[in-house]
Amino acid sequence: MRILGIESSCDETAAAVVEDGVTVLSSVVASQMSTHGKYGGVVPELASREHLRAIVPVVREALDLSGTKLEDLAAIAATVGPGLVGSLLVGLTYAKSLSFATGVPLIAVNHIEGHIHATVLEARRAGTPVEFPAVALVVSGGHTHLFELREGFEYRLLGRTRDDAAGEAFDKVAKLLGYSYPGGPVVDQLSPLGDAAAVRFTFAKMKGNALDFSFSGLKTAVLRWVESHDMQAEIAARRALLRENPSPTPEQWLAATPQRTLDLLASFQRAVIAELLTRAAAAAESIAARSLIVSGGVACNSGLRAAAKAAGLPYPVYFPSVGLSTDNAAMIAAAAFPKLARGDFASLDIAAQANLTLA
Ligand code: KG4
Ligand code: ZN
């Protein structure tokens with residue numbers, strides 16, 4: 001049973017065909033990075049325009065690469081939220097029109113559930129399926145959440161960020177220092193060259209739910225450090241590099257980064273990882289979890305992966321491959337598979353929901 005997945009919630013236009021919830025027959029992602037890079041973040045109006053340009057060819061390519069005709073599909077799944085409403089609308093409306101024209105049923109998928117399913121799908125494919133109950137840590141540019149995940153995909157919210165998402169913290173710190181958007185990959189590439197013990201950032205103590213996250217204090221601490229270390233010239237030099245070249249290579253960034261800035265980046269990244277892993281491990285302990293699954297763009301972070309391994313946690317920790325960590329449509333098709341089995345279809349008048357929650 002083949003499902004076409006369509007994802008357009010933020011700045012990637014993506015389509016994929018997945019068979020039986022596990023076999024990714026095609027996964028096409030048209031990234032808008034070169035459009036938004038120089039602005040230091042996603043510009044919603046530009047994102048919708050780019051989605052409109054890309055949606056038809058991206059879906060066509062996903063169908064062609066998988067050798068699938070529209071009428072062979074068991075369902076068409078699209079992200080219904082959360083995300084930028086003008087972006088969501090493009091993918092959802094196109095999915096509705098395909099469903100209307102072909103009679104293939106429509107399935108609406110929550111983007112956060114999609115991220116979780118990327119990891120679940122790969123664990124199944126590797127022959128080491130996730131054991132329940134699990135804790136799911138979803139860390140992306142828009143979300144930092146901890147969920148309890150039970151058999152049958154029932155979710156309970158255990159904790160969430162009170163301010164910025166983890167990916168947003170990477171993006172804002174990178175922007176502040178003159179690097180390109182998205183900031184996570186640049187910080188990840190440069191951090192191993194710095195001394196992570198050089199700058200001490202304090203771990204945020206949370207009043208109330210100790211499984212909630214906070215990143216705004218860390219961001220402010222980086223800003224204070226920058227202000228007190230006379231960094232304007234090097235930041236201006238990086239901004240100039242970015243004006244000449246919208247996507248500099250890691251080597252170019254390295255050449256424009258003095259050692260003390262490498263140390264700052266490494267220390268910042270270590271603090272983000274400590275925040276994520278400490279609370280995820282506490283969440284897992286609180287529900288006696290049998291596995292921890294990590295999803296979303298920040299799951300790409302090599303420091304986070306290494307730290308999770310080194311932590312020696314008493315249950316397996318699952319990460320998705322890099323291609324399925326950031327936004328893609330294979331995860332949307334995979335999340336739709338259990339809904340197809342349940343007959344959980346969407347009506348053609350379903351609306352995009354910018355603030356949709358999972359639990
Ligand atoms: O899941 P995603 O593609 O989109 C959202 O749903 O937000 O995540 C994008 C986020 C961005 O904030 C980006 O900086 C971050 O994921 N990211 C990373 C890495 N690769 C992407 N953060 C840290 N390290 C990385 N290697
Ligand atoms: Zn995402």
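As the structure lists them, so they are numbered: ligands from 1, and atoms in each ligand from 1. Numbering starts at 1 and runs along the sequence shown.
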A.B. asks: Atoms of ligand 1 less than 4.0 Å from D171 heavy atoms?
C.D. replies: 11 (C), 12 (O), 13 (C), 14 (O)
A.B. asks: Short N/O distance, under 3.5 Å, between E12 and ligand 1?
C.D. replies: no
A.B. asks: If I apply the N/O under 3.5 Å rule, does G142 come out as touching ligand 1?
C.D. replies: yes
A.B. asks: Heavy-atom contact under 4.0 Å between C10 and ligand 1?
C.D. replies: no
A.B. asks: Taking the six-membered ring of F213, is NZ or CZ of R160 closer than 6.0 Å to its centre and within 45° of its axis?
C.D. replies: no
A.B. asks: What's the shortest heavy-atom distance between L4 and A15, and which atoms?
C.D. replies: CD1-CB, 4.5 Å
A.B. asks: Do any N/O/S atoms of H115 come under 2.8 Å of the Zn ion (ligand 2)?
C.D. replies: yes
A.B. asks: Based purely on interatomic distance, does G184 place a nitrogen or oxygen under 3.5 Å from a nitrogen or oxygen of ligand 1?
C.D. replies: yes
A.B. asks: Among the heavy atoms of H115, does any lie under 4.0 Å from an atom of ligand 1?
C.D. replies: yes
A.B. asks: In ligand 1, which numbered atoms sit nearer than 4.0 Å to a non-hydrogen atom of T326?
C.D. replies: 3 (O)
A.B. asks: What's the shortest heavy-atom distance between V294 and T119, and which atoms?
C.D. replies: O-OG1, 3.0 Å
A.B. asks: I'd like to check whether D327 has a polar contact with ligand 1, where a contact means an N/O of the residue lying under 3.5 Å from an N/O of the ligand.
C.D. replies: yes
A.B. asks: For ligand 1, is there an N or O atom under 3.5 Å from any N or O atom of H143?
C.D. replies: no
A.B. asks: Report the residue from M331, E113, H145, H115 that forms a side-chain contact (heavy atoms from CB on, under 4.5 Å) with S295.
C.D. replies: H115
A.B. asks: Find, among atoms of D327 that are N, O or S, the one nearest to the Zn ion (ligand 2), and state its name.
C.D. replies: OD1
A.B. asks: Ignoring hydrogens and geometry, is there a side-chain-to-backbone donor-acceptor pair from S26 to A62 under 3.5 Å?
C.D. replies: yes
A.B. asks: Below 4.0 Å from ligand 1: does a non-hydrogen atom of H111 turn up there or not?
C.D. replies: yes
A.B. asks: Please verify the inter-ring angle class for H143 with H111; under 30° counts as parallel, over 60° as perpendicular, anything in between as tilted.
C.D. replies: tilted
A.B. asks: Numbering the atoms of ligand 1 from 1, which are under 4.0 Å from a heavy atom of F170?
C.D. replies: 22 (N), 23 (C)
A.B. asks: Report the part of N301 in contact with ligand 1, treating N, CA, C, O as backbone and CB onward as side chain, heavy atoms under 4.0 Å; options are side chain, backbone, both, neither.
C.D. replies: both
A.B. asks: Distance alone, cut at 3.5 Å: any donor-acceptor contact between the side chains of Q252 and N245?
C.D. replies: yes
A.B. asks: Are any of the N/O atoms on G296, whether in the backbone or the side chain, positioned under 3.5 angstrom from an N/O atom of ligand 1?
C.D. replies: no
A.B. asks: Where is the tightest heavy-atom contact between L92 and A78, given as atom of each residue plus distance?
C.D. replies: CD1-CB, 4.0 Å
A.B. asks: Relative to the heavy atoms of G167, which atoms of ligand 1 are at a distance of less than 4.0 Å?
C.D. replies: 12 (O)
A.B. asks: Please report the interatomic distance CG(D11) to OG1(T13), rounded to the nearest 0.5 Å.
C.D. replies: 8.5 Å
A.B. asks: By number and element, which atoms of ligand 1 are closer than 4.0 Å to a non-hydrogen atom of P182?
C.D. replies: 13 (C), 14 (O)
A.B. asks: If you round to the nearest 0.5 Å, how far is NZ of K172 from CG of L177?
C.D. replies: 14.5 Å
A.B. asks: Would you check if the side chain of S97 reaches a backbone N or O of Y94 as a donor-acceptor pair within less than 3.5 Å?
C.D. replies: yes
A.B. asks: Under 2.8 Å from the Zn ion (ligand 2), is there any N, O or S atom belonging to C10?
C.D. replies: no
A.B. asks: L324 and A330: which non-hydrogen atoms are nearest, and at how many Å?
C.D. replies: CD2-CB, 3.9 Å
A.B. asks: May I ask which of G183, S295, G141 has a heavy atom nearer to atom 10 (C) of ligand 1 than the others do?
C.D. replies: G141
